[in-house]
Amino acid sequence: MPHDHLCITLVPLLNHLPHEDQLKINQLLHHQVFAKGEHVINPLLDPRLAIVAHGSLKIYQLSPAGQEQLLRVAEAGDYEGENFLFGVENETLYGEALEETEVCFLKRDDFQKLLLSYPEISLKLLTFNAEKASSTEKQASFLLMERVEERLATYLLNLSKTKDSATFTLPLKMKELATFLGTTPETLSRKFKLLEKEKLISRDKKTVTLLDQDGLEDM
DNA sequence: ACATTAAAAAGCA
DNA sequence: TGCTTTTTAATGT
């Protein structure tokens, strides 16, 4: 669907630059559209920065046991893989398209040249990375919350906040959301039912509506 | 309170 | 239709 646009304009990391520069940089980017379920990042691929232009990516690690741990969902404007461009080896990081997703790639050499000729980008990068690190910390303490319904409630509140609506669609499969919340699909299913019974939310398959936001916050 | 196991039900290509 | 995901139920830690 998206075709005739500049990748740059969709990406907060780069779209603050003057138009002329954006045009130049856009030539360094490689667009690629991925179908749902396709792998965008895996440890075997050569290092490159992946910027989500449209759609969303599931970012996860694979444990030696083969268990996947979901780290985050990268939405349009988010990027992944910047540390590989600074020499950090990718051992276990995977990225998979959750829907039809358009990604802009930047090779390591081009990326480093870019940072040298546009110092503003370096500053932006530091800012965004600081936010990213901070939200990863939040996720870590988030998993320390005792009860699953507590985690589920805050997850739903966050999602409602970022989507700016009381009604929204879950981006993940229940199975995936379960691992993200540090539980099992079975328990997750029961917690959803519990929240519905207490009239805190309503749900039609993957569409959730928050009915009592205050009630959810009290958990 | 939650996991595990098993099995039924629902969803999807 | 045949496979995958989600739900339900019974039992274990």
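Note that this is a predicted model, so its numbers are computed, not measured. Numbers restart at 1 for each chain; the letters A, B, ... are given by sequence-line order, proteins then strands.
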Partners passing side-chain hydrogen bond (donor to acceptor under 3.5 Å, both in side chains) against Thr162(A) (at least two apart in sequence or in another chain): none
Do the side chains of Glu100(A) and Lys36(A) get close enough for a salt bridge, i.e. N-O under 4.0 angstrom? no
Under 6.0 Å from the ring centre and within 45 degrees of the ring axis: does the NZ or CZ of Arg203(A) meet both conditions for the six-membered ring of Phe192(A)? yes
Would you name the heavy atoms of Leu44(A) and Asn42(A) that are closest together and state the gap between them? N-OD1, 2.7 Å
Cation-pi, Phe142(A) ring and Lys138(A) (6.0 angstrom, 45 degrees): no
Strictly below 4.0 Å, N to O, side chains only: are Glu82(A) and Lys132(A) in salt-bridge contact? yes
Start and end of chain A contact along DNA chain B [non-hydrogen atoms, under 4.0 Å]: dC2(B) to dC12(B)
Report whether Phe128(A) and Leu57(A) are members of the same hydrophobic cluster (ILVMFWY, side-chain heavy atoms less than 4.5 Å apart, transitive linking). no
Partners passing salt bridge (Lys or Arg N to Asp or Glu O under 4.0 Å) against Asp164(A) (at least two apart in sequence or in another chain): none
Within residues 171-183 of chain A, which residues have any heavy atom lying less than 4.0 Å from an atom of DNA chain B? Gly182(A), Thr183(A)
Between Arg72(A) and Gln139(A), is there a side-chain heavy-atom distance shorter than 4.5 Å? no
Would you call Lys191(A) and Glu149(A) a salt bridge, taking side-chain N to carboxylate O under 4.0 Å as the test? yes
What is the per-nucleotide protein-contact pattern of nucleotides 8-13 of chain C, from the 5' end, where B denotes a base atom under 4.0 Å from a protein heavy atom, S denotes such proximity for sugar-phosphate atoms only, and - denotes neither? BBB---
Residue pair Leu106(A) / Leu85(A), side-chain heavy-atom distance below 4.5 Å: no
Has the side chain of Thr127(A) got a donor or acceptor atom that lies under 3.5 Å from a matching backbone atom of Leu123(A)? yes
Among residues 199-209 of chain A, which residues get a heavy atom nearer than 4.0 Å to DNA chain C? Arg203(A), Lys206(A)
Contact class for Lys36(A) (heavy atom, under 4.0 Å): base, sugar-phosphate, or nothing? nothing
